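The structure displayed is predicted, hence computed values, not measured ones. Chain naming here is simple, since letters A, B, ... match the order of the sequence lines and numbering starts at 1 in each.
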Amino acid sequence: MSIASSWEDGPLGFWYELPYQTQKKIKNVLLNVLLAIVLVLILFPIYWMIATSLFHSNDLFTLPMPLFPSDPTFVEYRAVLETEVVQWYTNTVLVSAGIVLLTTTAATLGGYGLARLDIPYKKTFARVILFGYMFPPILLSIPMFIFWRQLGLINSLPGIILAQTATTLPFSLWLMWQFFQTVPYSLEESAMVGGSSRFRAFVDVALPMAKPGMIAVAIFSFAIAWGAYTIPSILLTDSSKWVLTLGLASFTEAESVLWGQIMAASTLFVLPTFFFMYYLQKYILEGFRAGRI
Amino acid sequence: MAMISERYGIERRDALKVIGSAAAVGIGGVAGCLGGESGGGPTTASSSDGWPDLSGQSVHFITVAAEDSIQDLWQGVASDFENDTGASMEIEFVETGDLTRIIQLLQAGDPPEVSMQSIGEAYQLQNRDVLLPVDDEYERAVNKLGKPTESVKQIVTVDDSRYMVPLFHNLNSYTYRSDLSDIVPDTWEKVRQYAREVDDQDNDVRGTYVPIATGSPAAVRMVSWLWTNGGSISEWEDDTIHINFHEGENRDRMVEMLNFLKERQQWSPLGEGADWADLMNVLQSGTAASTWYAGARAKNEAIRKGRPFAKDIDITPGMPHNRQQVSDGSAEGLIAYQGADTQAAKTFINYVVRKSFVVEMLTKLSPIHNVPSYPEIQQGEEYRNNIQSLDIWEGWTEEQFDNYQVQTLEQLQNKTQETSPPNPYTSTYYSEPIWNLQNEVLLQDKDPEAIIDTHAEALQQIVDEAQN
Amino acid sequence: MPAKHEEVRRRVHPYQESLYDVLSKRWIFVGLTVLPAIGLFAFINMLPMLWALTASFFEIGALSPEWHWVGLENFRIVLDDGKFWASLFRSTVFAGGSVALQVTAGTALALLLNRDFKFKRVVRAIALLPYIVPTAVLSFIALWMGNSRYGIVSQILHQLGLIEQFIPWYGSPELAMFAVITTSSWKFTIFVTIIVLARLQSIPSSLYEAATVSGASAYRRFVDITLPNLRGVLFIVVLLRGVWMFNKFDIVYILTKGGPLNKTTIASIYAYRMAFDQLNLGRAAAVSTLLFLLLLGAAAVYFYYFEPSEEVRVE
């Protein structure tokens, strides 16, 4: 108590009498409580989605609504499975895979080129890339529809992959450009001195080192592709070509909303991504870690 | 309790089964209809079975159809059409009834052949000279489906040409629980009395419902109540539409109407953030005892949810009136586009507008809620039998059904029909000023007198833009 | 390394090697790497943008494909419209509020997750999950949970005795903006969390250990080690989130349709109504162009003042 400090004389003065280890433990517990609160905020909407999908439909729009489905029913899931949901699921997976592949390939090659090669105006271009996001997308639906229709890409999965890449490419390209700037060029140089061609040096030396960045780009583009709605709603008019988000919207019938079916379909939509986050988090964090940002 | 929702699931499955047979019936239906067709049909080049040979032509048809059963119905008729005419069909089901897809196609220079649209949208398209006259097709529809009511006859007629073949309507009326009070809320005064009486009762049910919405519920509500008070929104001034709800007697009518809404808030549960779904659910959930609605869904929803009072939900014939007995209602129908395959478009309209198909469609697309445009259809045995075999019929009485489908239809006046000739700009002017005027009164307690001019001016500006 | 390299080299087929040599020729290599990205960018990003930029100088009725040159007329009318400026102000509030919330909450969550605790992997998976929940799904859940009469959020608060009446989250003039910001931030905060958490993990723990040994408090360690390391990521995260939130349309429109009383009519909704309700594509394009120019200007200022690499060079 010999140290005069306004903090330690205050009502929390006892805190400083505690041993350091105890202080640390208490702090940790408090932080864990905070984390737990955040987790509840994150999980509750997801819980309510699942709970709603299991309620009997006449429990909905009643007051008070039960908090737990005490007598769960799978009627809504059965109703959902009678639609083209499997087809939509397949399409979503195919479209997402296509977008991830196209984005990662273009961004990796492009990012490498921008970082390594002596190309006029490349710096300007690299900065302009992010401007791709600055035009409000509301009106872009019309030119996209017109161009894609002329190219015969309406109702085609490659068409939607190409179009949706507009939303994933700029950031991905920019990220890979940043990424390659942190990969030392000297390793490639020494490979070339050792007789490798430039392309060999790229494939054998640079690419393996760029892996975390590529994974980050893949995950970023997957997150966008998986939930894409606006562009697919413009370019996919045939329900057999729909992705899941479009199918989901179709559970609103005229003015009524089939909440049970929407939530059942949403659950089928969201649950697998939990495992995605569970198994891939190491790569996600490794990927975004790298780069100069 | 569980049974009801099971039934809901089964309904969907049953619908799918029915479609299997419907496709077969569909072909039979067409065959039955062909005899009449080849006799009274046009003298264009016809194939042996009465329909012109449209090989190499295509029909792009757009309609709102969220339910599987409706989609299957359209798919069925489309493949019959392909078989009978050799044309190729492209059907597109859109999720909302707005013009977004049509705009994209028109901008791409590739309009569809036919689409199902509301009357307001049809006028918007006709204003821009995009539509094809369908007088012959309408005549044939009348031959096959019977005479429409006077109001329906006028639908989308501009300079003596007709641009829409109407099919069905949603009619504005007042839905209320008769088990809680003996008052029949068919006038404004009785609406008040009903609301006050039920609200005072010792239960959780509020007397009435005053939704506060952004968008179509607010716009439709405004017209519905204003007209029953003898007010109006617009008039022709020479060749242009002039907003007049803030002028002369109309001003008093509008102010009175807004105050009427305001007054009823005291007997209503919270109205903020309302959408059509809230209006539909407010009765079945036991939250309120009466509500205005654009159709019969509020009752149907209570039946589907198996509420014990579902059968006691009555519908007033038309809107509760104060000065004038009139009911605003929507009108949906088929329109065809210029610059598309016009022969194929007209043939397709002729092909689908026949009794068997229209009856089947109206049995599947929000049945009872959607009222056939042609009284003969609606009073015919086929339609009645179909309706009475539906699960929801359990909750209806003949009287309730007639109140809505027969008597309300007689009072129908579409929002465009406020002026004569009809106002072709209603869709454009159903916008911010209309819903903000109501919401400022309901949400912010503003005095209608003080804000009415600003909103009238704003609305006039929007209409002027649309008329240029 | 070289030995291993040789080994790899021997496995390659001679034809492949000569193919590689061809691919390594300067212009072919440039074409192979940069061209696909530039080509894609030009086609899928620039081309539709150019269409819209051009359209802003024409009068275009949505229902007919004819274009009439009107020069700057569209811009003049839009800039004259008080509703445009009001919507612009709301966009700024929406974007500003969203970015502030997402960056602080996202960074805080990343700091919370960057510690040792039990079930770390599951907890992190849960915490990162919202980012991958589709906006469409989130919108439906939010509408359902926030319903003014049946919403579970109000119900629980009511049952806990915290509120007397149900709250119309998306229907109240006072709350609607706050509600849409919070709802969209539930998902987009996690974008910040992922990027910040990744960066936090790359800060060598030896830095913290050294600081602790020399007696630095937790606060000093945060200010002297953590923050400077996060500077770069925060720079880019604020930029991206700012741009994305400023142009956001879908979730706000689904939740409120711009209401009540236009309280959430942000500029993108104003442009949407211009195009699809008032059917004036040219003017809607002019609104888009103005928003684009505004963001461009803001970004230029932002880069000029805050770009980290520039500052490093100065110091």
Side-chain angles (χ1 to χ4, degrees), chain A residues 31-32 34-35 38-39 42-43 45 48-49 61 64-65 106 109-110 112-114 117 119 131-140 143-144 162-163 165-166 169 173 194 197-200 204 223 226-227 229-230 245 248-249 259 262 266 269-270 273-274 277-278 281 284-285 288-289 292-293, chain C residues 2 5 8 20-21 23-24 29-30 33-34 36-37 40-41 44-45 48-49 51-52 109 112 117 124-137 140-141 144-145 150 152 155 194-195 197-199 201-202 232-233 236 243 247 249-250 268 271-272 275 284-285 288 291-292 295-296:
Chain A
L31 290 176
N32 282 344
L34 194 60
L35 181 59
V38 175
L39 287 185
I42 286 174
L43 270 181
W48 195 239
M49 165 186 84
F61 288 107
M65 249 185 280
L109 290 171
Y112 179 83
L114 288 175
L117 302 177
I119 306 165
F131 296 171
Y133 287 126
M134 289 180 189
F135 205 92
I138 327 128
L139 212 60
L140 299 183
M144 255 190 179
L162 194 62
T165 301
L169 184 66
L173 187 54
S197 63
R198 175 130 219 194
F199 192 81
R200 276 289 304 274
D204 290 349
W226 188 248
Y229 174 76
T230 312
T245 43
L248 208 60
W259 287 110
I262 285 192
S266 297
F269 200 2
V270 168
T273 59
F274 171 80
M277 279 299 183
Y278 183 79
Q281 60 177 270
I284 296 172
L285 296 177
F288 282 104
R289 164 194 311 187
R292 216 162 39 130
I293 55 170
Chain C
H5 198 73
V8 174
Y20 278 18
D21 284 337
L23 291 177
S24 300
F29 195 54
V30 169
T33 56
V34 186
L40 255 181
F41 185 76
I44 59 183
N45 291 92
M49 255 167 72
W51 183 95
L109 179 57
L112 278 175
F117 45 81
R124 278 187 180 172
I126 292 170
L128 302 186
L129 189 58
Y131 185 58
I132 223 162
V133 170
T135 306
V137 172
F140 279 122
I141 297 178
W144 176 230
M145 289 180 56
Y150 311 99
I152 194 69
Q155 184 187 316
I194 291 176
I195 290 193
L197 182 57
R199 185 76 188 105
Q201 299 214 314
S202 73
V233 284
I236 194 68
V243 171
N247 283 337
F249 169 75
D250 47 6
S268 57
Y272 177 85
S288 300
L291 297 179
F292 174 65
L295 276 179
L296 217 58

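- Note: C:Ile152 leads C:Ile152, C:Leu129, C:Asp250 in heavy-atom pairs under 4.5 Å with chain A.
- Heavy-atom distances place the side chain of A:Ile262, and not its backbone, under 4.5 Å from chain C.
- Ranked by non-hydrogen atom pairs under 4.5 Å with chain C, the options A:Met144, A:Met65, A:Met49 are led by A:Met65.
- Partners of C:Pro134 by side-chain contact (heavy atoms from CB on, under 4.5 Å), not counting sequence neighbours, listed by chain and number: A:Trp226, A:Thr245, A:Phe269, A:Val270, C:Val137.
- Of the listed residues A:Tyr112, A:Phe274, A:Tyr229, A:Phe131, the one with more heavy-atom pairs under 4.5 angstrom with chain C than any other is A:Phe274.
- Remark: side-chain polar atoms of C:Asn247 are paired, donor with acceptor, to backbone N or O of A:Tyr133 under 3.5 angstrom.
- Residue contact with chain A, scored on non-hydrogen atoms closer than 4.5 Å, involves the backbone and the side chain of C:Ile141 alike.
- Shortest non-hydrogen contact noted between A:Leu140 and C:Pro48 is CD2-O, 3.6 Å.
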*Given the rule in the side-chain contact (heavy atoms from CB on, under 4.5 Å) test, do A:Leu35 and C:Leu109 qualify, once you have shown the distances and angles that lead to the verdict?*
CA-CA 8 Å; A:Leu35 181 59; C:Leu109 179 57; 4.0 Å; yes
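- Rounding to the nearest 0.5 angstrom, the gap separating the CE atom in C:Met145 from the CH2 atom in A:Trp48 is 8.5 Å.
- Separating the CG atom in C:Leu128 from the CD atom in A:Gln281 is a distance of 6.5 Å, to the nearest 0.5 Å.
- Within the 4.5 angstrom heavy-atom criterion, atoms from both the backbone and the side chain of A:Thr273 approach chain C.
- Contact annotation for C:Phe117: only side-chain heavy atoms (C-beta onward) come within less than 4.5 Å of a heavy atom of chain A.
- At a 4.5 Å heavy-atom cutoff, the contact between A:Leu173 and chain C is made by side-chain atoms alone.
- Of the atoms belonging to A:Leu31, heavy atoms from both backbone and side chain fall under 4.5 Å from chain C.
- Among all heavy-atom pairs drawn from A:Leu139 and C:Ser288, the shortest one is CB-OG, 4.0 Å.
- Going from atom CG of C:Leu291 over to atom CG of C:Leu296 covers 12.0 Å, rounded to the nearest 0.5 Å.
- Ranked by heavy-atom pairs shorter than 4.5 Å toward chain A, the options C:Ala127, C:Ala271, C:Ala275, C:Ala136 are led by C:Ala127.
- Interface remark: A:Leu114 contributes backbone and side-chain atoms alike to the contact with chain C (heavy atom separation under 4.5 Å).
- Your options are C:Tyr131, C:Trp144, C:Phe292, and the one with the most heavy-atom pairs under 4.5 Å with chain A is C:Trp144.
- Only the side chain of A:Leu43 comes within less than 4.5 Å of a heavy atom of chain C; its backbone N, CA, C and O stay farther away.
- Contact detail for C:Ala37 and A:Leu169: the closest heavy-atom pair is O-CD2, 3.9 Å.
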_Audit row: A:Leu162, C:Leu40, side-chain contact (heavy atoms from CB on, under 4.5 Å) steps and yes/no_ = CA-CA 8 Å; A:Leu162 194 62; C:Leu40 255 181; 3.6 Å; yes
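- The candidate with the highest count of non-hydrogen atom pairs below 4.5 Å against chain C, out of A:Pro64, A:Ser266, A:Gly132, is A:Pro64.
- Note on A:Gly113, A:Pro136, A:Ala163: by heavy-atom pairs under 4.5 Å with chain C, the leading option is A:Pro136.
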